[in-house]
Amino acid sequence: MDLSLQLAQKQILSQRMQQSVEILQMNTIMLTEYIHELTQENPLLEWQEVSDEQAVKEDKLLRKLEWLEEADEQNRSMYRVEQEDERDERDSIGKRERESLREYLLFQINILNVDEGVKCVLRFLAESTEESGYLEKGALEAAEKKYHLKGNCSEDIMGLLQSLDPPGVGARSLQECLLIQLKQKNASPIAIIMVEKYLTDLAKNRMSYVAKQMRVTLEVAQDAFEEIKNCEPKPGRGFLSERPVEYILPDVFVQKQEGELLVTVNSSSSPRLFISQSYLKMLREGASDEAKEFISNKLRQAEWVIQCISKRESTLLETAKCIVNHQEEFFIRPDGQIRPLRLADIAECMQVHESTVSRAVRDKYLQCDRGIFPLSSFFSKALSSEETGTISADSIQQKIRLMIERENKMKPYSDRELTEALQKEGIQISRRTVAKYREGMGIAGASGRKRYE
């Protein structure tokens with residue numbers, strides 16, 4: 001056995017520092033949940049919150065009570081009618097609440113005039129339908145095994161499922177989804193054949209090739225293609241999602257006040273922590289040694305957490321101010337563009353490490369006159385420009401989008417032509433980068449954007 005002695009230097013964060021880092025990268029929603037958990041674990045921590053919504057409700061209620069006291073019996077009757085109307089409206093809104101796709105399918109299955117055994121299989125398949133409207137992979141095989149389906153029975157049941165609303169539901173592929181809808185609409189035979197044999201070519205917008213292969217004019221092929229484009233590729237779209245809704249709560253606000261930008265941290269949405277005075281009184285007055293040790297430990301924990309939360313707020317505020325100062329044009333002008341900005345630039349401004357800035361902006365959102373944006377979206381790579389020296393990637397993407405919107409749809413720009421147009425404006429960029437930006441914006445290539453008369 002060979003023995004050797006090695007000297008290594010490692011940086012290990014203490015438990016306290018790890019907690020500080022974790023709190024720094026929490027957004028407002030996560031911080032609120034974390035505070036609620038802390039108050040359950042540490043009896044010395046207490047929290048209190050009065051939301052703006054609650055304050056508005058209390059003020060509204062107070063004004064209504066004052067009005068009622070001064071009003072006569074006629075006004076009281078009118079107020080009761082108003083309350084009843086509001087209650088009826090709330091009830092009616094609740095009844096009109098949207099259904100999920102699976103609920104809608106199950107409702108249709110329950111009123112079908114078929115055997116209960118068939119309904120059981122249909123319910124199983126409905127429960128195996130994705131939110132997009134497509135049948136989950138392997139669902140039919142699982143149904144055949146579970147219910148011992150034989151012969152053409154499974155295909156007959158699939159036919160029943162695919163006859164339900166919305167059109168195209170229960171399909172196992174895009175091709176099958178489109179064919180179901182075209183047949184239900186009594187579409188032209190040409191459109192059906194195009195989907196059956198040339199779907200890949202249609203995706204690439206190769207209309208001339210398809211027309212030639214089918215021996216029809218380009219105009220006839222284009223008309224059939226319009227029928228196909230009127231189909232819904234995701235039949236379940238528009239139904240209530242069964243996934244939990246993720247809410248965005250801004251962590252930073254930017255407001256214009258007398259020509260200046262005011263940056264504030266959203267501290268009102270998170271409960272405020274404070275140390276319980278009753279436990280401090282127990283610590284000062286004759287508690288047992290064991291109780292004093294327990295309270296002292298929890299007190300140190302509580303003080304550190306409050307300090308970390310305060311440090312998070314100050315770091316986030318300073319980070320946001322540096323970002324807003326650098327991106328001032330974006331917040332002041334409605335058409336302002338995001339300038340090139342790196343984490344290192346903000347870190348240098350704040351005299352901190354880049355990792356601190358990265359944690360401060362992670363999963364956090366900023367609200368301004370132009371909407372709500374992730375804080376990370378204000379960081380953009382810089383490309384060289386002859387006019388301004390540098391230009392952000394976001395600005396280049398906007399230029400590409402604008403050129404494509406204004407192009408002749410009969411002769412759309414290729415990536416090479418887009419690159420040359422940008423280079424004429426003094427922007428040093430490669431064709432590969434242009435293609436990457438275009439694809440990132442979800443814009444098809446020149447062949448996919450081409451339109452035919």
Side-chain angles (χ1 to χ4, degrees), residues 16-39 45-56 246-275 302-332 336 338-339 341-380:
R16 275 189 153 197
M17 290 306 298
Q18 289 177 5
Q19 187 179 29
S20 175
V21 167
E22 289 174 1
I23 290 174
L24 175 60
Q25 57 192 34
M26 290 179 185
N27 58 31
T28 302
I29 296 175
M30 294 168 65
L31 181 63
T32 301
E33 294 174 354
Y34 182 69
I35 288 173
H36 289 166
E37 291 176 2
L38 280 176
T39 53
L45 282 172
E46 296 182 359
W47 62 273
Q48 183 178 16
E49 62 178 345
V50 179
S51 65
D52 295 338
E53 183 180 353
Q54 183 178 349
V56 170
E246 295 183 1
Y247 294 96
I248 292 177
L249 194 62
D251 302 275
V252 177
F253 296 105
V254 178
Q255 297 172 306
K256 293 180 187 175
Q257 286 192 357
E258 298 178 355
E260 295 185 358
L261 295 172
L262 177 65
V263 183
T264 56
V265 173
N266 185 4
S267 56
S268 62
S269 297
S270 296
R272 285 295 177 184
L273 278 178
F274 59 93
I275 296 173
E303 289 175 339
W304 176 251
V305 168
I306 293 174
Q307 183 180 339
C308 289
I309 293 174
S310 176
K311 179 66 176 175
R312 169 197 174 274
E313 187 170 319
S314 60
T315 303
L316 178 58
L317 179 60
E318 188 178 357
T319 304
K321 284 182 176 180
C322 289
I323 292 173
V324 171
N325 287 338
H326 191 89
Q327 304 290 5
E328 186 176 13
E329 181 184 358
F330 175 85
F331 295 100
I332 291 179
I338 292 177
R339 294 174 53 200
L341 180 63
R342 303 172 303 160
L343 290 174
D345 299 327
I346 301 300
E348 184 179 354
C349 173
M350 297 173 59
Q351 295 297 305
V352 297
H353 195 270
E354 283 184 44
S355 61
T356 301
V357 179
S358 175
R359 293 186 180 103
V361 302
R362 185 178 301 172
D363 298 327
K364 298 182 182 69
Y365 291 84
L366 177 148
Q367 180 175 321
C368 61
D369 293 343
R370 297 178 65 172
I372 298 178
F373 303 88
L375 270 177
S376 57
S377 67
F378 294 100
F379 294 89
S380 179

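Computed over heavy atoms, backbone and side chain alike; hydrogens, waters and symmetry mates excluded. Just so you know, these numbers come straight off a predicted model, no measurement behind them.
- When each of Ile338, Leu261, Ile332 is tested with Gln327 by the rule side chain to side chain contact (heavy atoms under 4.5 Å, CB included), just one qualifies, namely Ile338.
- With a 4.5 Å cut-off on side-chain heavy atoms, Lys364 and Val252 do not count as touching.
- In this structure, CZ on Arg272 lies 4.5 Å from OG on Ser267, to the nearest 0.5 angstrom.
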Without placing hydrogens or testing angles, list every side-chain donor-acceptor pair under 3.5 Å for residues 349-357, not counting sequence neighbours.
| residue | atom | partner | partner atom | Å |
| --- | --- | --- | --- | --- |
| Gln351 | NE2 | Glu348 | O | 2.7 |
| His353 | ND1 | Ser355 | N | 3.0 |
| His353 | ND1 | Ser355 | OG | 3.0 |

Let me see the working for Phe331 and Phe373 under ring pair (Phe, Tyr, Trp, His ring centres under 6.0 Å), right down to the final yes or no.
CA-CA 12 Å; Phe331 295 100; Phe373 303 88; 7.9 Å; no
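- For the pair Ala360 and Leu316, the tightest heavy-atom approach, listed with the atom from each and the gap, is O-CD1, 3.5 Å.
- To the nearest 0.5 Å, atom OG1 of residue Thr28 and atom CG of residue Leu249 are 5.0 Å apart.
- Two residues are said to be in side-chain contact when any heavy atoms from C-beta on lie closer than 4.5 Å; Phe379 and Val361 meet this criterion.
- Counting heavy atoms from C-beta outward, Glu318 and Ser314 have side chains that stay 4.5 Å or more apart.
- For the atom pair CG of Asn266 and OH of Tyr365, the computed distance is 14.5 Å after rounding to the nearest 0.5 Å.
- Between Ile306 and Ile275, some side-chain heavy-atom pair lies under the 4.5 Å cut-off.
- Side-chain atoms of Asp251 and Leu375, non-hydrogen and from C-beta on, never get closer than 4.5 Å to each other.
- A side-chain donor-acceptor contact under 3.5 Å links Thr319 to the backbone of Thr315.
- The closest donor-acceptor contact from the side chain of Arg370 to the backbone of Phe330 lies under 3.5 Å.
- For the atom pair CE of Met26 and OH of Tyr34, the computed distance is 5.0 Å after rounding to the nearest 0.5 Å.
- When atom types are taken as modelled, the side chain of Asp363 and the backbone of Asn27 share no donor-acceptor pair closer than 3.5 angstrom.
- Between the side chain of Asn325 and the backbone N or O of Cys322 there is no donor-acceptor pair closer than 3.5 Å.
- Taking CG from Leu343 and CZ from Arg359, the interatomic distance works out to 12.0 Å, rounded to the nearest 0.5 Å.
- More than 12 heavy atoms of other residues, nucleotides or ligands sit less than 6.0 Å from atom NZ of Lys256.
- Separating the CD atom in Glu303 from the CG atom in Leu273 is a distance of 12.5 Å, to the nearest 0.5 Å.
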